[in-house]
**Student:** 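Supplied in structure tokens, the structure appears directly below.
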Number of protein chains: 2
Amino acid sequence: MAKHRPTIADVALAAGVSKGLVSFALNDRPGVSAMTRERILAAADELGWRPSLRARSLSTDRAFALGLVIARDPQIIAADPFFPALIAGIETALAPVGQALVLSMVVSEQAELASYRQLAAHDRVDGVIITDLRQDDPRLALALELGLQAVTLGHPDAPSPFPAVALDDDPGIRSTVDHLVGLGHRRIAHVAGPARMLHGSRRRNSFASALELRGLHGDLIVETDFSASDGARATAELLALADPPTAIVYSNDPMAIAGMGVAQRAGLHIPDDLSITGFDDSDVGQYLNPSLTTVTTAAQEWGRTAASALLRLIEGDDVADIELAPARLVIRGSSASPPPRTPATAR
Amino acid sequence: MAKHRPTIADVALAAGVSKGLVSFALNDRPGVSAMTRERILAAADELGWRPSLRARSLSTDRAFALGLVIARDPQIIAADPFFPALIAGIETALAPVGQALVLSMVVSEQAELASYRQLAAHDRVDGVIITDLRQDDPRLALALELGLQAVTLGHPDAPSPFPAVALDDDPGIRSTVDHLVGLGHRRIAHVAGPARMLHGSRRRNSFASALELRGLHGDLIVETDFSASDGARATAELLALADPPTAIVYSNDPMAIAGMGVAQRAGLHIPDDLSITGFDDSDVGQYLNPSLTTVTTAAQEWGRTAASALLRLIEGDDVADIELAPARLVIRGSSASPPPRTPATAR
DNA sequence: GCAATCTCCTAAACCGGTATAGTTTCACCT
DNA sequence: AGGTGAAACTATACCGGTTTAGGAGATTGC
């Protein structure tokens with residue numbers, strides 16, 4: 001004799017009213033007398049009734065869930081502190097209101113779009129948080145086509161139908177460059193993320209323009225896929241130059257850590273021979289030798305804000321773009337003045 | 001004039017049959033003639049009909065989704081390559097069959113149990129993947145109470161109502177210890193995870209028993225919370241001992257990396273003065289200076305296997321425990337012979 | 001004093017599937 | 001020929017909510 005969980009009909013029976021009225025009472029709708037409402041809520045409470053999300057979903061055409069699709073190689077995500085923090089932030093916004101996060105992690109861009117289509121086809125989510133914006137990002141049009149609400153993490157490079165929740169990287173990069181130039185560096189390189197990714201190219205642009213503002217060349221840039229191994233490769237390339245940089249600004253921490261290792265193995269002393277800075281402020285950074293100068297971003301806050309903005313959007317509210325506190329430089333041990341003289345006859 | 005997506009009734013009308021028969025045809029049930037089935041499928045295809053997951057959910061009492069609750073500090077997860085790989089693996093099993101992953105990331109154990117309750121109360125998932133097993137883990141009884149199916153990642157410490165998908169850490173730790181002892185180390189320490197976590201205590205036991213098997217003391221163990229900062233603290237404690245170890249076996253990579261930094265800052269040369277080994281084989285490990293000797297586990301495979309086992313379980317199949325290929329040592333540069341003589345008068 | 005209106009409530013349709021009981025058709029058996 | 005049974009299909013209840021049309025009774029308006 002399995003004891004079924006109580007339904008709205010049980011509550012209605014117990015309270016001596018109709019199903020419909022229970023629904024009204026539950027949803028705080030007018031047309032229920034205060035006394036009856038009390039009685040209904042008491043009965044519901046007594047029976048331990050929780051409305052079935054499935055039934056609600058079917059009749060109201062809502063999923064009560066948000067989607068997040070991450071399209072990166074697991075190895076890259078693994079090293080990146082950004083996503084866990086983002087997800088934790090999203091969770092803090094969703095849990096209190098009974099919403100859920102549907103997560104999809106895919107490798108190719110192909111699979112990514114398919115993943116959005118599947119989320120929509122199955123009505124899994126009411127909206128999606130679009131992260132890792134790319135140039136001319138196809139996901140905006142896709143979300144629109146699929147009837148999904150969305151917020152973007154950062155501003156797209158074209159007019160967007162969706163609100164953006166943005167955290168400006170520029171001040172982080174800019175103050176990193178200023179910090180290095182202030183230390184006396186003149187030849188500074190940047191190990192960038194993929195140019196197709198907007199935050200990759202924006203950090204690159206910030207880097208270049210910050211250097212040019214100081215009258216220096218901002219063209220020593222190597223593009224990578226954000227992976228530690230590609231960061232290592234980029235570092236090796238830079239150090240092999242006839243006139244190698246005295247400082248390298250990495251666009252994430254894992255690459256900076258890998259780069260530090262590569263430089264050290266090449267016999268360089270960090271930071272005396274080479275300054276290194278990261279981006280994202282991973283936990284390990286502060287325990288490295290030397291500790292890592294990096295840029296910190298409030299990823300968790302970003303997730304929380306994006307999720308709650310998306311919820312409001314789904315509710316039908318108007319949501320304007322939101323700017324969060326910008327990225328901020330954290331100076332630690334991996335950056336110092338450059339070696340006194342750069343021998344012209346490097347090899 | 002919004003064009004509604006076609007429903008089963010539209011298909012029935014188009015094919016000239018009843019709703020029920022369309023349902024039968026769709027689900028490959030007997031009682032539909034081959035010819036009619038063709039006609040129905042053709043009509044469905046023509047209309048572009050996809051059955052509504054919501055309606056199916058309501059009438060069949062299934063969620064078509066799995067849940068994963070992760071209860072760790074985001075900072076710790078961030079540094080740990082395990083979870084992204086696990087999730088990616090889960091995804092590869094779910095996506096092809098139209099299932100989804102509902103992810104919840106919480107901080108406290110309190111919130112964790114609440115999260116399972118919420119998943120169940122809202123019928124979000126048909127089953128959960130239980131990771132980070134603890135001693136006398138309350139989640140087994142909870143899942144049972146909530147009527148959730150489950151698989152555990154690893155074997156619980158008590159008879160379990162759910163199948164386990166296990167990956168044995170022991171050979172990884174054991175061969176690490178053998179490797180170090182073979183190099184000549186006699187005083188080897190272990191920086192362990194929380195004892196409450198089964199993989200934490202099992203790695204610790206493997207460590208101790210492997211050492212004792214070699215006639216050495218396996219009691220130089222410091223417990224941590226798996227975070228890089230706690231790994232740094234543990235390292236500092238070990239190095240401050242009157243008779244410090246010549247090798248440290250860390251129970252994850254972030255702590256090993258942090259420990260390496262701490263040791264280096266203390267003036268030690270790795271691996272000549274101190275050997276260091278990690279666990280989990282993060283990508284950055286191989287680019288550090290020196291590169292990190294560590295233990296590799298097939299986390300992605302683990303996720304894939306666990307998810308598909310759980311799906312079979314939900315289908316009603318009997319699922320036996322599954323053993324995956326065990327953890328394997330990866331020897332790199334951070335381990336070497338100990339210094340020739342240990343001065344008795346350290347300090 | 002009687003219609004108009006408002007409040008509180010009920011009955012029933014509806015969301016889009018699945019499942020079950022029942023009907024028709026036709027072959028087969030004796 | 002009449003009974004049996006299986007195959008193919010229909011009608012309808014059902015999952016558990018929301019929503020709409022409408023009804024009864026009290027209140028208001030003139």
**Student:** Could you tell me if the side chain of Leu144(A) sits less than 4.5 Å from the side chain of Phe162(A), heavy atoms only?
**Tutor:**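 Side-chain contact under 4.5 Å: yes.
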**Student:** Would you mind classifying the nucleic acid contact of Arg50(A) as base, sugar-phosphate or nothing, using non-hydrogen atoms under 4.0 angstrom?
**Tutor:**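 Sugar-phosphate contact only - Arg50(A) comes under 4.0 Å of backbone atoms but never of a base.
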**Student:** Under 3.5 Å, is there an N or O donor on one side and an acceptor on the other linking the side chain of Lys19(B) and the base of dG16(C)?
**Tutor:**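 Absent.
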**Student:** Closest-nucleotide mapping onto DNA chain D: is Leu58(B) or Val17(B) further toward the 5' terminus? I mean the 5' end.
**Tutor:**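 Per heavy-atom nearest nucleotide, the more 5' residue is Val17(B).
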**Student:** Just how far, in rounded Å, is P of dT10(C) from CD1 of Ile8(A)?
**Tutor:**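 Whole-Å distance recorded here is 12 Å.
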**Student:** Show your reasoning for whether side chain to side chain contact (heavy atoms under 4.5 Å, CB included) applies to Tyr116(B) and Glu145(B).
**Tutor:** CA-CA 11 Å; Tyr116(B) 282 98; Glu145(B) 172 198 333; over 6 Å; no
**Student:** Does anyone know the first and last nucleotide of DNA chain D in reach of chain B, 5' to 3', at under 4.0 angstrom to a heavy atom?
**Tutor:**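 Here the contact window of chain B covers dA8(D) to dG16(D).
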**Student:** To the nearest angstrom, how far is Met35(A) atom CE from dC9(C) atom P?
**Tutor:**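 For the pair Met35(A) CE and dC9(C) P, the rounded distance is 8 Å.
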**Student:** Between Ser59(B) and Val32(B), name the one whose nearest nucleotide on DNA chain D is closer to the 5' end.
**Tutor:**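 This one resolves to Val32(B).
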**Student:** Checking all strands, does Ser52(A) fall into the base, sugar-phosphate, or nothing category for heavy-atom contacts under 4.0 angstrom?
**Tutor:**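 Sugar-phosphate, no base atom in range.
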**Student:** Could you verify whether a donor N or O on one side chain and an acceptor N or O on the other, from His155(B) and Glu323(B), lie under 3.5 Å apart?
**Tutor:**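 The criterion, which ignores hydrogens and geometry beyond distance, is satisfied for Glu323(B) and His155(B).
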**Student:** Can you tell me the distance, in whole Å, between the CZ atom of Arg54(A) and the P atom of dT18(C)?
**Tutor:**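 Atom CZ in Arg54(A) sits about 14 Å away from atom P in dT18(C).
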**Student:** Write down the distance between CG (Leu21(B)) and C1' (dT20(C)), rounded to a whole number of angstrom.
**Tutor:**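 Taking atom C1' of dT20(C) as the reference, CG of Leu21(B) is at 14 Å.
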**Student:** Heavy atoms only, 4.0 Å cut-off, all strands: where does Val22(B) land among base, sugar-phosphate and nothing?
**Tutor:**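 If one applies the 4.0 Å heavy-atom cut-off, Val22(B) turns out to touch nothing in the nucleic acid.
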**Student:** Does a side-chain N-to-carboxylate-O contact under 4.0 Å join Glu46(A) and Arg39(A)?
**Tutor:**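 No, Glu46(A) and Arg39(A) are not salt-bridged.
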**Student:** Under a 4.0 Å threshold between the charged nitrogen and the carboxylate oxygen, would Arg139(A) count as salt-bridged to Glu109(A)?
**Tutor:**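 The answer is no: the pair does not qualify as a salt bridge.
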**Student:** In whole Å, what is the span from the CZ atom of Phe24(B) to the C1' atom of dA19(C)?
**Tutor:**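 Whole-Å distance recorded here is 7 Å.
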**Student:** Can you tell me if Asp137(B) uses its side chain to pair, donor with acceptor, with the backbone of Arg134(B) under 3.5 Å?
**Tutor:**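 Between the backbone of Arg134(B) and the side chain of Asp137(B) there is a qualifying donor-acceptor contact (under 3.5 Å).
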**Student:** Below 4.0 angstrom from OP1 or OP2 of dG17(C), is there any side-chain N or O of Trp49(B)?
**Tutor:**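 Yes.
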**Student:** Between Thr60(A) and Arg29(B), who's closer to the 5' end of DNA chain C by nearest nucleotide?
**Tutor:**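 Nearer the 5' end of the strand: Thr60(A).
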**Student:** Salt-bridged, Arg304(A) to Glu301(A), with N to O below 4.0 Å?
**Tutor:**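 Counted as a salt bridge, because a side-chain N and a carboxylate O are separated by less than 4.0 Å.
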**Student:** Across the strands shown, which category fits Asp61(B) at heavy-atom distances under 4.0 angstrom: base, sugar-phosphate, nothing?
**Tutor:**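 Answer is nothing: Asp61(B) stays at 4.0 Å or more from every strand.
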**Student:** In whole angstrom, what separates Glu38(A)'s CD from dC8(C)'s P?
**Tutor:**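 It is 14 Å, rounded to the nearest whole Å.
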**Student:** When all nucleic acid strands are considered with a 4.0 Å heavy-atom cut-off, which category describes Thr36(A): base, sugar-phosphate, or nothing?
**Tutor:**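 Counting heavy atoms under 4.0 Å across all strands, the contact made by Thr36(A) is with sugar-phosphate only.
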